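Everything below concerns the one structure shown next.
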Amino acid sequence: MPPSGVNHLSQPCISGDSSSSYADKKSGWMKWLSKIFRSGGNRGGSGGGSRHPHQHLGDQENVVWRAPARSSEDPSKAHKEKEELDRAIALSLAEDLKRRNRHRWRTENDEAIAREMQDKMNLSPYPSVAPPQFHPGDVSRRYCGGCKRAISYGNYLGCMGTYFHPGCFCCRSCGYPITEHEFSLSGKDPYHKSCFKELTHPKCEVCHQFIPTNRAGLIEYRCHPFWSQKYCPSHEHDNTARCCSCERLESWNARYISLGDGRSLCLECMESAIMDTGDCQPLYHSIRDYYEGMNMRIDQQIPMLLVERQALNEAIVGEKHGFHHMPETRGLCLSEEQTVTSILKRPRIGGHRLIGMRTQLQKLTRRCEVTAILVLYGLPRLLTGAILAHELMHGWLRLKGYRNLNPEVEEGICQVLSYMWLESEVMPGSKSGPSTSTASSSSSSSSSYYSSSSKKGGKSSAENKLGEFFMHQIANDASAAYGEGFRAANAAVNKYGLRRTLDHISMTGSFPV
């Protein structure tokens, strides 16, 4: 009777690497079959004393088994056994294929679970996309708008119709990735909210903080019309120092110099400041030369003194005539006899203030219509020169017999001479003033009189900028006498020339129209 063990095994145990050779698998099947036939070999013979030939299978294990007895008289049984053997081998092959597929699915599934757990541990705020099946020519794949590469797996970010790797979605300003849930957009450029605020929100140039919003939620700040210095409105009332020359507020990281009389001077203006009467004499004589070049020679020797603020204010009180620009007067053309305290020796800087100043009392005696010219000390050279040019014009008018002029007329024409002198200093290549053909010869002769007028050589770009600011102050003065008067006088001089304008003032006391 043939052995029947093959049909009774529902799950034969065949294991091994998916890359084993077919010879190894065949050897395994034969080992399994040998155990089946070994148990049923005694029952398969046709006689107890007959011996069957032995067969040797494989080299891995020396297994000797007794071949089942086959009756030569029954070929159908041998054929049936062969079919059953082929069927067992086929079942074994099918089961092995299933096990290999099941092993590969478990491996891929474990990798996907591991990636998902790692993404959750990272606590990323971006959505996750599963690894796609890659196919050549697949147009549905997502591409990063930053590095232009495909987003294969892991986290990604969608913005403005484009996808990004988290590390590729970067701030336009600082270049670092944007990881916050909120960010700013300018056009198509993303920014960190803090970086965008740094770029667009104005900062105070005094305290260097972001300018706060007002009660209406609007950003409110002050801005200097010439220097464009932006600052918080509160700094106009919190005792922040303002330069008495250029009007800029003191920054918290740049200390000003205190002049000791309530005024402060920035370091830029301090570089060319004139501190005593002796230092100012060369500048004063050069401006007298400027007048002579304009055919407006001053024959009288008018004393010029640099004084402190208090001395200048006291001199204003003692002066009977004249119009003074309040609240700050920086120069004065005296007509009365007075005793004035002038600065004899320039002070030196000690810390953030001036020390060591020496003064002297000086009695001014009236010898002509003009007693003296007083100028406030501690101002930059160009501003001191502009004040001297203004006050010398007052002296010239009085010495030439221009009496009882309207303040708008007298202050206006004096401002024109101050403006012309500044223009010749700041733009020496241009004509010295707003003159026409009647005054062209005098203006051209004066344009080169003072080409190198700085205390220590040529003027720096910072000093030229200061000169432009002083010209801006004159042109945009809001007062009636100094501002409106200058604009009317300047229009007349531009139209008729300086000499014809002065002649018209002498005859009518007003500007020609």
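What you are looking at is a predicted structure, and each value in this text was computed from that prediction instead of being measured.
- At least one side-chain heavy atom of L382 sits under 4.5 Å from a side-chain heavy atom of L422.
- Between V375 and V307 the shortest side-chain heavy-atom distance does not fall below 4.5 Å.
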field: Criterion side chain to side chain donor-acceptor pair (under 3.5 Å) on Q473 and E247, from CA distance to verdict
entry: CA-CA 10 Å; Q473 275 189 313; E247 298 183 348; 2.9 Å; yes
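- A pairwise comparison of heavy atoms in S228 and C223 identifies CA-SG, 3.6 Å as the closest pair.
- The two residues Y402 and L502 come nearest to each other via the heavy atoms OH-O, 3.1 Å.
- T277 contributes a side-chain N or O that, together with a main-chain N or O of I343, makes up a donor-acceptor pair within less than 3.5 Å.
- For R398 and S335, the side-chain atoms include at least one donor-acceptor pair closer than 3.5 Å.
- For the pair E308/L259, no side-chain contact is recorded, criterion being any heavy-atom separation below 4.5 Å from C-beta on.
- Between the side chain of Y291 and the main chain of M393, a donor-acceptor pair closer than 3.5 Å is present.
- For the pair R142 and Y156, the cation-pi test (distance below 6.0 Å, angle within 45°) is passed.
- In terms of heavy-atom proximity, P303 sits nearest to T371 at CD-O, 3.3 Å.
- Listed by chain and residue number, R248 satisfy the side chain to side chain donor-acceptor pair (under 3.5 Å) test with E268 (two or more places apart in sequence, or in another chain).
- Here the closest heavy-atom approach between residue L265 and residue S245 is recorded as CD1-CB, 4.0 Å.
- A 6.0 Å sphere centred on CD of Q281 holds more than 12 heavy atoms belonging to other residues, nucleotides or ligands.
- Considering all non-hydrogen atoms of both residues, W252 and H208 come closest at N-NE2, 4.4 Å.
- For E408 and Y482, the side-chain atoms include no donor-acceptor pair closer than 3.5 Å.
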Verdict with reasoning, K495 to T501, per side-chain contact (heavy atoms from CB on, under 4.5 Å): CA-CA 9 Å; K495 186 175 182 180; T501 300; over 6 Å; no
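- Taking all atoms of both residues into account, the shortest heavy-atom contact from C207 to H235 is SG-NE2, 3.5 Å.
- The aromatic ring centroids of H224 and F469 lie less than 6.0 Å from each other.
- Aromatic ring centres of F511 and Y496: separated by at least 6.0 Å.
- Here the CD-CZ distance, from E292 to R297, works out to 4.5 Å after rounding to the nearest 0.5 Å.
- Between E250 and R242, no side-chain nitrogen of the basic residue sits less than 4.0 Å from a carboxylate oxygen of the acidic one, so the salt-bridge criterion is not met.
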task: Take L374 and C333 through the test side-chain contact (heavy atoms from CB on, under 4.5 Å) and record every step on the way to the result.
output: CA-CA 6 Å; L374 306 182; C333 182; over 6 Å; no
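- Geometric assessment of R263 against the ring of Y377 yields a positive cation-pi assignment under the 6.0 Å and 45° thresholds.
- Ion pairing of R215 with E220 is absent here, as no side-chain N (NZ or NE/NH1/NH2) approaches a carboxylate O to less than 4.0 Å.
- The backbone N or O of G145 sits nowhere less than 3.5 Å from a side-chain atom of T162 that would complete a donor-acceptor pair.
- Here CG of L334 is found 11.0 Å from CD1 of I302. Values are rounded to the nearest 0.5 Å.
- Once rounded to the nearest 0.5 Å, the distance linking CG of D279 with CG of L306 reads 8.5 Å.
- R222 has its side chain out of reach of K230: every pair of non-hydrogen atoms, C-beta onward, lies at least 4.5 Å apart.
- Residues E425 and M471 are not in side-chain contact: their nearest non-hydrogen atoms beyond the backbone lie 4.5 Å or more apart.
- Looking only at distances, a side-chain donor or acceptor of T508 sits under 3.5 Å from a matching main-chain atom of S510.
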query: Can you list the steps and then say if V206 with S251 is a side-chain contact (heavy atoms from CB on, under 4.5 Å)?
result: CA-CA 4 Å; V206 174; S251 172; 5.7 Å; no
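- R381 places no side-chain N or O within donor-acceptor distance of the main-chain N or O of L283, the cut-off being under 3.5 Å.
- The shortest side-chain heavy-atom distance between L383 and R330 falls under the 4.5 Å cut-off.
- Looking at E411 and Q415, their side chains never bring a donor and an acceptor atom within 3.5 Å of each other.
- Evaluation of the side chain to side chain donor-acceptor pair (under 3.5 Å) test over residues 189-198, restricted to residues two or more places apart or in two chains, returns E182-K193.
- Applying side chain to side chain contact (heavy atoms under 4.5 Å, CB included) to R499 and the options M294, H504, M296 leaves one that passes, M296.
- Here Y256 contributes atom OH and T240 contributes atom OG1; the two are 10.0 Å apart, rounded to the nearest 0.5 Å.
- The SG atom of C232 lies 5.5 Å from the CD1 atom of I211; values are rounded to the nearest 0.5 Å.
- Counting only heavy atoms from C-beta outward, the side chains of W227 and C246 approach each other to under 4.5 Å.
- The aromatic rings of Y419 and F486 lie tilted to each other, with the angle between the two planes from 30° to 60°.
- Using a 4.0 Å cut-off between a side-chain N of Lys or Arg and a carboxylate O of Asp or Glu, E369 and R403 qualify as a salt bridge.
- Y176 OH: 12 or fewer foreign heavy atoms inside a 6.0 Å radius.
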message: Would Y143 and H165 count as a ring pair (Phe, Tyr, Trp, His ring centres under 6.0 Å) here? Give the steps.
response: CA-CA 9 Å; Y143 287 89; H165 294 108; 9.9 Å; no
message: Run the ring pair (Phe, Tyr, Trp, His ring centres under 6.0 Å) test on F183 and F196 for me, step by step, so that the C-alpha distance in whole Å, both residues' side-chain angles and the decisive distance to 0.1 Å come before the verdict.
response: CA-CA 9 Å; F183 58 93; F196 192 73; over 10 Å; no
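- More than 12 heavy atoms of other shown residues, nucleotides or ligands fall within 6.0 angstrom of atom CG in N253.
- For R172, the CZ atom counts as loosely surrounded, since its 6.0 Å shell holds 12 or fewer non-hydrogen atoms of other residues, nucleotides or ligands.
- From L392, atom CG reaches atom CG of L417 across 9.0 Å, with rounding to the nearest 0.5 Å.
- Atom CG of D299 sits in a crowded spot, with more than 12 heavy atoms from other residues, nucleotides or ligands closer than 6.0 Å.
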task: Kindly determine whether S424 and Y290 satisfy side-chain contact (heavy atoms from CB on, under 4.5 Å), including the steps that lead there.
output: CA-CA 10 Å; S424 71; Y290 175 79; 4.0 Å; yes
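- The shortest side-chain heavy-atom distance between S272 and T384 does not fall under the 4.5 Å cut-off.
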